[in-house]
*Asks:* 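Before we start, here is the structure in question, set down as C-alpha cells.
Atoms within each ligand, like the ligands themselves, are counted from 1 in listed order.
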Amino acid sequence: MYSSSPRDETQPLLDQKSSKEKLNKKLLKWPYNGILYGLLLLGAIYLLYVFIKYEIQPESSLTTKMRHSLHVSSIATTNDDYVKQCAPIVKCDPNAKYRSINGSCNNLGTPTWGAAETPFIRMIDANYSDGYYAFRLQSNGSALPSPRLVNLKVFLNQDIYKVDENNVLLVPFGQLIAHDVSGLFLDIPTDGHGGVIDGCVDENARKTFTQCQMVVENPPDDPIYSKHNIFCMGLFRSLTSRNYSCPLYPTQFVNNNTHFVDASEVYGSDESYSLHLRMMEGGRLNFSTSENGQMFCPFLASKNLDLTVHTNNDTEYDTGDPDNGNQNLGISAMQNLFLRYHNYIAFKLSSINPHWSDEELYQESRRIVIAAVQRITYKDFLPIIIGEDFQEMYGLNDMNIYDPTINPSATQEFSTAGFRILHSLIPVQFNFMNEDYKIEYSVNVTDWMRESNLLPIENNFDKLLKGFLETPGRLLQPSYNFFISNFMLAKINEPPYTGRDLLTIDIVRGRDVGLQPYNYVRHLCGYPLANDFEDLADLIHIKDIIKLKELYNTVNDIDLMVGILLEKHSDGAIVGPTARCIIADGFYRFKAGDRFFYDVRGQPGSFTDVQLNEIQKITFGHVICATSNVNHIQTKIFKIVDHNLFPTNKLSCDEYELDFKGWEELNDQNIEL
Ligand code: HEM
Ligand SMILES: [Ca+2]
C-alpha cells in the first residue's frame with residue numbers, strides 16, 4: 001500500500017533509463033531522499049522516545065522544571081479537614097533544638113502536620129460506595145472479588161524461586177522504616193470478657209459491629225484452607241478518626257506513629273511512653289542483658305529458651321513500637337540493633353562530655369540515631385527501591401530541601417499499597433550464619449512470629465545479622481511467598497493453616513481505607529487512563545490482564561495493590577512506575593517536609609558543619625559494627641558481595657569508626673573554676 005503512494009517517486013525514477021545523467025542524478029537523489037526521510041523519521045522517533053523516556057524514565061541531565069514534573073500533586077480535597085476541624089492548638093517553641101517525640105511543632109505554621117495520631121493524607125479522595133465508609137463496589141454494583149480468590153488466581157501460582165542481587169537485610173530494614181512512618185491500628189471488638197468477636201465465626205456480629213464486616217470468603221476449592229473447612233478469614237477494620245473523637249467525612253484513618261522518618265519505633269511516638277523506655281541515666285534507653293552479657297531491649301515476658309516449644313510466654317521486647325516491634329525475628333533484630341546503637345552513642349558522648357545531663361545525652365544521641373536511620377533510608381535503601389536515576393531526578397538526593405509548604409504526612413496510598421508492595425520481598429526463611437559464612441540453621445519466618453526466643457541465645461543475634469547480610473534476597477515479583485500467603489501469624493501450637501494470607505489482607509485493607517482503584521492512581525502518576533483492560537498493556541503483562549478481566553467487572557475496578565504488584569519494573573527500580581511514584585512522593589514528603597531532617601541548615605536543630613561532616617560518614621556498616629560482633633561488612637550494605645571473589649568490597653570494623661570530637665563541649669563550670 002505504501003509503495004503505491006503518490007509521494008513515492010522511486011519506482012518510476014528507476015524505470016527511466018533514457019538519460020544516463022538524469023538517471024545518475026535521480027539514482028543519486030533517490031538514496032539521498034530516502035536517507036533524508038529515513039533520518040527525519042528516525043529523528044522523530046528518537047525525539048518521541050526521549051520525550052516518553054523523560055516522562056517515564058528520566059535521566060540525570062534534566063532541568064529542574066522537568067524534575068518537578070515528576071512530582072505529583074495530591075488532588076484530594078479532604079487533606080485539610082483534620083487541621084480545620086479537629087487539630088488541637090499546640091504552642092511551639094520555634095527555637096527548640098530537638099524534634100518533639102510526637103512530631104508536633106515540626107512545622108511551625110501547622111504544628112500538627114506529621115504528628116502521631118493525626119490522619120494519613122490522601123493522594124486522591126476516598127472511594128466508598130456510600131461516599132462515607134461502606135466498601136467500594138464494582139462498576140456494575142456487585143461486590144469486589146474475594147481478595148483471597150484474587151491472590152490464588154493471579155499471584156500465588158506465579159511464585160518464582162529465584163534469588164536477587166540484593167540481600168535479605170532489605171526486608172527487616174524496610175519493615176523498620178514502614179513502622180517508622182506508618183502505624184494503622186485495628187478496631188478489634190471484644191465481648192466484654194476479653195474475647196475477640198470474629199465476624200467469620202459469628203455471622204450476627206457482622207450486622208452488629210461494622211468492625212467485623214471485613215470477612216474474606218475463601219473460595220470453596222481453596223488449596224490450603226478449604227481442606228480444613230476454613231471458609232472465611234475474619235479481619236478487622238482499622239481505627240478511624242472517629243475513634244479519636246474526630247468525625248471526618250468521608251472516613252479518614254489515623255497514623256499512630258509520627259509520619260516523619262525519625263526513629264519513632266525506637267523512642268515511641270508519645271511523650272509518656274518515651275519516658276517509660278528511658279533509663280533516665282547517662283542518656284540511655286532501658287535494656288536487658290542476655291546470659292552471655294549482650295544488650296537487648298527490655299525483656300517483657302518470662303523467657304522460654306526452648307527452641308522447639310512455643311508458648312504464650314515467649315520472649316517479647318519492650319520497644320518504641322509496642323504494636324509491631326515483636327512481629328517477627330527480623331524486625332525484632334532491628335529494634336534491638338537501634339536500641340544498642342542509641343546506647344552506644346550515649347556512651348560515646350558521655351565519655352567526651354561527662355558533664356552532660358541525662359537529658360542532653362539522650363536528646364543528642366537520639367538526634368544522631370535519627371540521622372543514621374535517615375541516611376541509610378535515603379542513601380542505601382531507597383535507590384534500590386525506586387532506582388538511582390529516578391531518585392536523583394526527583395530531587396530526593398538534594399541537601400537542605402526543607403519546604404514548610406510540604407505536608408510531611410504519609411499518604412494512605414503509600415501506607416496501604418505503595419510501600420506494602422515490598423512484602424513480596426519477604427523470604428520464606430531467615431538464616432543464622434556464623435563468622436565462617438556457614439549457615440548453622442534456618443527458620444521459617446512464619447514459624448517465629450511474635451516470639452523472639454531465638455535472638456538472645458548465645459551469638460544468635462550476630463548470626464542472624466550475618467545471615468541477613470550474606471543471604472540473597474527473594475526476587476521482587478508479583479507473588480508473595482507461599483508461606484506468608486497462607487500461614488502468617490498462625491496460632492501458637494496450632495497447625496500452620498490457622499494462619500493468614502498477607503496479600504489477602506493487603507488487598508482488603510486497601511478497600512477498608514477507601515483507596516481508589518489502580519486506574520485512577522496510575523493516571524494521577526502520569527500514565528494514560530485505561531479505557532479498557534487492554535489499555536493496561538503499557539505497564540502490565542497481557543497474561544495478567546487476561547486474569548484481571550476474569551475477576552473484575554471493568555478496568556476501573558482493579559484494586560490499587562493488585563495493579564501495582566503486576567506492573568513491570570521501571571528501569572533500575574524493583575517496583576513499577578505507579579508504585580515508584582507513590583513511594584517517591586512519600587519519601588519526598590518525609591524529607592522536604594521535615595524541618596529537622598539531618599542535613600537541613602540554618603535551623604535551631606541543625607548540626608554544626610563539623611558534626612554534619614561526621615554524620616555524613618555514618619553508614620549501616622558503622623551501625624552494625626558498633627552494635628554487634630559482625631565484622632567485614634560490605635560498603636554497599638544491601639548487596640550480596642562474594643567474600644572470596646571481592647574481599648576488598650568489604651571493610652573491617654576499624655574502617656567504620658566515627659569520631660565524636662565535633663560534639664565535645666567544654667564544661668563552662670570547669671573553666672570558671
Ligand atoms: C517478615 C516481614 C514482614 C511481615 C511478616 C509483615 C507483615 C505485615 C502485617 C501483618 C501488616 C499488617 C497488615 C494489616 O492488617 O493491614 C503489615 C503492614 C505493613 N507492612 Fe509489613 N511485613 C513485613 C515486612 C514489611 C516490609 C519489608 C515492608 C516495606 C518495606 C512492609 C511494609 C508494611 C507497611 C507500610 C504496612 C502498613 C503499616 C501500618 O500502617 O500499620 N512490611 N505488614
Ligand atoms: Ca516516625
Side-chain angles (χ1 to χ4, degrees), residues 99 101-103 106 114-116 120 168-188 214 233 235-239 253-269 320-321 323-324 326-334 370 373-374 377 381-382 384-385 408-430 444-446 448-450 473-474 476 480-481 483-485 487-489 499-513 561 574-575 579 582-583 586 590 594 596:
R99 60 174 81 230
I101 288 286
N102 73 358
N106 191 307
F120 293 96
V168 168
L169 185 63
L170 212 52
V171 170
F173 184 77
Q175 191 175 21
L176 188 84
I177 299 309
H179 298 171
D180 193 324
V181 298
S182 182
L184 180 69
F185 282 13
L186 301 186
D187 193 358
I188 303 178
M214 205 158 80
M233 211 180 282
L235 301 165
F236 302 106
R237 297 201 68 172
S238 311
L239 285 177
F253 296 85
V254 174
N255 187 350
N256 271 275
N257 300 334
T258 66
H259 300 244
F260 304 99
V261 179
D262 60 354
S264 47
E265 71 285 3
V266 178
Y267 302 102
S269 287
D321 184 9
D323 201 47
N324 280 316
N326 292 288
Q327 193 218 50
N328 67 74
L329 286 175
I331 191 69
S332 289
M334 291 298 111
I370 295 170
V373 173
Q374 291 179 336
T377 304
F381 175 78
L382 198 53
I384 293 179
I385 311 304
S409 306
T411 66
Q412 201 69 72
E413 290 82 356
F414 173 92
S415 164
T416 317
F419 209 39
R420 291 193 190 208
I421 198 175
L422 301 180
H423 279 154
S424 60
L425 289 175
I426 301 171
V428 172
Q429 294 192 314
F430 287 147
N444 286 349
V445 175
T446 42
W448 288 91
M449 293 189 75
R450 298 214 75 89
R474 183 175 192 262
L476 197 108
Y480 292 9
N481 84 56
F483 283 68
I484 209 83
S485 294
F487 306 141
M488 185 185 71
L489 289 166
R500 299 289 162 104
D501 168 4
L502 184 56
L503 181 49
T504 287
I505 297 178
D506 285 343
I507 297 172
V508 81
R509 186 66 63 211
R511 299 176 188 175
D512 173 30
V513 301
M561 191 72 205
I574 61 171
V575 298
I582 301 171
I583 294 172
F590 306 145
D594 181 359
F596 290 92

*Asks:* Counting only N and O atoms by type, is there a donor-acceptor contact under 3.5 Å from the side chain of N481 to the main-chain atoms of I484?
*Replies:*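 Yes; judged by distance alone, with no hydrogens or angles, the pair exists.
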
*Asks:* Output the atom name for the N/O/S atom of D262 with the smallest distance to the Ca ion (ligand 2).
*Replies:*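 Closest to the Ca ion (ligand 2) among those atoms: OD1.
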
*Asks:* Quick one, H259 with D594, criterion side-chain contact (heavy atoms from CB on, under 4.5 Å). Give me CA distance, side-chain angles, the key distance, then yes/no.
*Replies:* CA-CA 10 Å; H259 300 244; D594 181 359; over 6 Å; no

*Asks:* Can you give me the closest heavy-atom contact between D512 and F253, atom names plus distance?
*Replies:*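 What the structure gives for the nearest pair is O-CZ, 3.4 Å.
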
*Asks:* Would you mind finding which of R420, R509, H179, M488 brings a heavy atom closest to atom 13 (C) of ligand 1?
*Replies:* R420

*Asks:* For M449, take its heavy atoms, then give the atoms of ligand 1 lying under 4.0 Å from any of them.
*Replies:*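 Close to M449: 5 (C).
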
*Asks:* Below 3.5 Å, N or O to N or O, backbone or side chain included: is there any such pair between N328 and ligand 1?
*Replies:*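 By distance alone, the answer is no.
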
*Asks:* Please work out which of S182, A178, G330, P427 has its closest non-hydrogen atom nearest to atom 40 (O) of ligand 1.
*Replies:* S182

*Asks:* Identify the closest protein heavy atom to atom 41 (O) of ligand 1: which residue and atom is it, and at what distance?
*Replies:*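 Its nearest protein heavy-atom neighbour is L184 N, 2.8 Å.
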
*Asks:* N444 side chain to T446 main-chain N or O, any donor-acceptor pair under 3.5 Å?
*Replies:*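 No.
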
*Asks:* Please work out which of the three classes, parallel, tilted or perpendicular, describes the rings of F419 and F414, given edges at 30° and 60°.
*Replies:* parallel

*Asks:* Only heavy atoms count here, so choose which of M214, R500, Q327 is nearest to atom 5 (C) of ligand 1.
*Replies:*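 Comparing heavy atoms across M214, R500, Q327, the nearest one to atom 5 (C) of ligand 1 lies in Q327.
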
*Asks:* Starting from atom 43 (N) of ligand 1, what is the nearest protein heavy atom, named by residue and atom, and what distance separates them?
*Replies:* H423 NE2, 3.0 Å

*Asks:* Any N/O/S atom of S269 sitting less than 3.0 Å from the Ca ion (ligand 2), backbone or side chain?
*Replies:* no

*Asks:* Kindly compute the distance separating CD1 (I385) from CG (L476), expressed to the nearest 0.5 Å.
*Replies:* 8.0 Å

*Asks:* Identify which of G586, S424, G183, G174 has a heavy atom lying nearest to atom 30 (C) of ligand 1.
*Replies:* G174

*Asks:* Look only at the side chain of R500 and the backbone of M488, and say whether a donor-acceptor pair between them is shorter than 3.5 Å.
*Replies:* no

*Asks:* Starting from atom 35 (C) of ligand 1, find the nearest protein heavy-atom neighbour and note its residue, name and distance.
*Replies:* S415 O, 3.5 Å

*Asks:* Nearest heavy atom to atom 14 (C) of ligand 1: which of V171, I331, I505, V513 does it belong to?
*Replies:* I505

*Asks:* Flag the pair V171 / R474 as yes when at least one side-chain heavy-atom distance between them is below 4.5 Å, and no otherwise.
*Replies:* no

*Asks:* Can you list the ligand 1 atoms lying under 4.0 Å from a non-hydrogen atom of L502?
*Replies:*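 Those atoms are 7 (C), 8 (C), 9 (C), 10 (C).
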
*Asks:* In terms of side-chain geometry, is the basic nitrogen of R509 or D506 positioned less than 4.0 Å from the acidic oxygen of its partner?
*Replies:*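 Salt bridge flag = no for D506 with R509.
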
*Asks:* At the Ca ion (ligand 2), what angle lies between atom OG1 of T258 and atom OG of S264, rounded to 10 degrees?
*Replies:* 80°

*Asks:* Using 3.0 Å as the threshold, say whether any N, O or S atom from D180 sits that close to the Ca ion (ligand 2).
*Replies:* yes

*Asks:* At a non-hydrogen distance cut-off of under 4.0 Å, which region of L170 contacts ligand 1 (side chain, backbone, both, or neither)?
*Replies:* neither

*Asks:* So which heavy atom on P172 is nearest to which on V168, and how close?
*Replies:* CD-O, 3.0 Å

*Asks:* Please lay out, stage by stage, how L170 and F381 fare under the test side-chain contact (heavy atoms from CB on, under 4.5 Å).
*Replies:* CA-CA 7 Å; L170 212 52; F381 175 78; 3.7 Å; yes

*Asks:* Between L176 and D321, does a side-chain contact (heavy atoms from CB on, under 4.5 Å) hold up when you go through it step by step?
*Replies:* CA-CA 10 Å; L176 188 84; D321 184 9; over 6 Å; no

*Asks:* Looking only at protein heavy atoms, which one is nearest to atom 23 (C) of ligand 1, and how far off is it?
*Replies:*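 The protein heavy atom lying closest is Q175 NE2, 3.2 Å.
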
*Asks:* Atoms of ligand 1 less than 4.0 Å from L422 heavy atoms?
*Replies:* 29 (C), 30 (C)

*Asks:* Counting backbone and side-chain atoms alike, is an N, O or S atom of F260 positioned under 3.0 Å from the Ca ion (ligand 2)?
*Replies:*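 Within the cut-off used here (under 3.0 Å), F260 does place an N, O or S atom near the Ca ion (ligand 2).
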
*Asks:* Report the nearest protein non-hydrogen atom to atom 29 (C) of ligand 1: residue, atom name, distance rounded to 0.1 Å.
*Replies:* F419 O, 3.5 Å

